[in-house]
2 protein chains.
Amino acid sequence: MQLHKRDVIDAAAALLDSYGIADLTMRRLARELKVSPGALYWHFPNKQALLGAVADRILQTVDDVPGDWRDRVEAVCARLRDALLSHTDGAELVSATFASGHSQAMARIVEVLADAATQAPVAPSKGELAARTVVYYVLGFTADEQSRLQWDASGAALPDEQAVLTTNPTERFAFGLRLLVDGMAAARAETVAAARNFE
Amino acid sequence: MQLHKRDVIDAAAALLDSYGIADLTMRRLARELKVSPGALYWHFPNKQALLGAVADRILQTVDDVPGDWRDRVEAVCARLRDALLSHTDGAELVSATFASGHSQAMARIVEVLADAATQAPVAPSKGELAARTVVYYVLGFTADEQSRLQWDASGAALPDEQAVLTTNPTERFAFGLRLLVDGMAAARAETVAAARNFE
DNA sequence: ACCTGAACACCGTTCAAGT
DNA sequence: ACCTGAACACCGTTCAAGT
């Protein structure tokens, strides 16, 4: 029976969760679906587009919330991190598709964060940049966290000096995010000061 | 005549600059050096280690400077960005090796930034985290900037809506970094407030 | 419209055997 | 000690031909 786009994405997500991103190959996926590798290229132009679709599915649950701008930024980032941690190599996959511009969902998340930033005292023209800065942080932190998580889930012992990097990850995540939120809060003073300089 | 580690790294860096990270393969590198692919594995245990050595060479010039903590953070980040932009796909390569923990130079840069952070009003225990947050930003921003740079150097036209993301990159870079530096400056107030809560 | 089969042009890594 | 040659077990992508 016919192969649908949804089946392909389902199977790809299952492969990711079970074996990780290194085993999420077009050939492996085709084998799993019992089709020839070429069949996938009827439904997706290339591997990047397929990975983008998987990323978008992972990010489905990441939504905006009502509240002030701090609540919105913190909630979206917490949901983004949770979504990434819920899938093997989730952070790595989403980072790659974000970098290649193939994730629609990430574009939407940047928009939400940019909107929240302009509710903060960030100038509208800087909203997207502030949003991207937050996203770079969440992706970087979570990729790091997840690789350590998966490393010691695999039974390998971490050197003692790295132990501090694995305890209280949620608290550590909040600390770095607060740095950015505080920076955004400080932006008003600078905007006002800059405006004065031009008077 | 004999193949030395240095020759391999030199040739790898040349390959990177001329053709990009996708063409920096063990086989291609061996061909360039007129040796068999297996020869490289006498000098490096695997590809990751080789890429780590190339990353470390790219980051040679990134050094600490004297000054107050803001100057140090800003100088190190500016130098890091410059170093990445000086090599094709430099940001992507260094991001990958940093994530895999194979870059000694990145470890050193994190140490320098962590030290600067503890000169800022960041608690010593949070210094490394603040440093990593800064690094996530620099790598994310620069990878983004470089991919756009290389994309339109290749002659492709960018959609109008993306134009705002390519103008004044240095100024835009400084804006995001200021967000983090301001956040670090705000950390003292929080540390003091938190201490009060425990009295 | 949707898929197969087969090919094209590659990969990273290992390892017995050579010098 | 250092390297070759050849193999192993794969990749992503294309495309004529089939149904």
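Each chain gets a letter, A, B and so on, in the order the sequences are listed, and its residues count up from 1.
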Qualifying residues under side-chain contact (heavy atoms from CB on, under 4.5 Å), relative to Q60(A), sequence neighbours excluded:
none
If you look only at pairs with a residue in residues 81-95 of chain B, which of them pass as a salt bridge (Lys or Arg N to Asp or Glu O under 4.0 Å), with sequence neighbours excluded?
R81(B)-E145(B)
Residue pairs fulfilling side-chain hydrogen bond (donor to acceptor under 3.5 Å, both in side chains) with at least one residue in residues 46-55 of chain B, sequence neighbours excluded:
Q48(B)-H102(B)
Starting at atom CG of L3(A), determine the distance to atom P of dC3(C), rounded to an integer number of angstrom.
5 Å
Is the closest side-chain heavy-atom distance between L139(A) and V94(A) below 4.5 Å?
yes
So what's the dot-bracket for DNA chain D: Watson-Crick or G-U pairs under 3.5 Å, [ ] if a pair crosses, | if it pairs off-strand?
||.|||||...|||||.||
Using a cut-off of 4.0 Å between protein heavy atoms and nucleotide atoms, how would you tag nucleotides 5-15 of chain C 5' to 3' with B, S and -?
B-B---BBBBB
Which pairs count as salt bridge (Lys or Arg N to Asp or Glu O under 4.0 Å) when at least one residue sits in residues 100-120 of chain A, sequence neighbours excluded?
R72(A)-D115(A)
Among all residues two or more places apart in sequence or in another chain, which pass the side-chain contact (heavy atoms from CB on, under 4.5 Å) test with Y41(B)?
M26(B)
What is the separation between atom CG on L40(B) and atom C1' on dA1(D), rounded to the nearest whole Å?
16 Å
Does anything in residues 88-97 of chain B reach DNA chain C, meaning a heavy atom under 4.0 Å, and if so which residues?
none
Could you tell me whether the phosphate oxygens of dC3(D), OP1 or OP2, come under 4.0 Å of any side-chain nitrogen or oxygen in W42(B)?
no
When rounded to whole Å, the NE2 to P distance for the pair H43(A) and dC2(C) reads 7 Å
Under 3.5 Å, which N/O atoms of the protein pair with N/O atoms of nucleotides 16-19 of chain C?
none

What salt bridge (Lys or Arg N to Asp or Glu O under 4.0 Å) pairs are there with at least one residue in residues 128-138 of chain A, not counting sequence neighbours?
E128(A)-R132(A), R132(A)-D144(B)
How about L16(B) and L93(B): do any of their side-chain heavy atoms sit closer than 4.5 Å?
yes
Rounding to 0.5 Å, atoms OG1 (T61(A)) and CG (D63(A)) come to a distance of 7.5 Å
Which value, rounded to the nearest 0.5 Å, describes the distance between I9(A) atom CD1 and I58(A) atom CD1?
11.5 Å
Please state the C1' separation for the pair dC10(C) and dA9(D) - nearest whole angstrom.
14 Å
Pairwise ring-ring contact (aromatic ring centres under 6.0 Å, His included) hits with a residue in residues 103-149 of chain B, at least two apart:
Y137(B)-F141(B), Y137(B)-F173(B), F141(B)-F173(B)
Pairs meeting criterion salt bridge (Lys or Arg N to Asp or Glu O under 4.0 Å) with involvement of residues 13-23 of chain A, two or more places apart
D23(A)-R28(A)
Flag the pair T25(A) / L15(A) as yes when at least one side-chain heavy-atom distance between them is below 4.5 Å, and no otherwise.
no
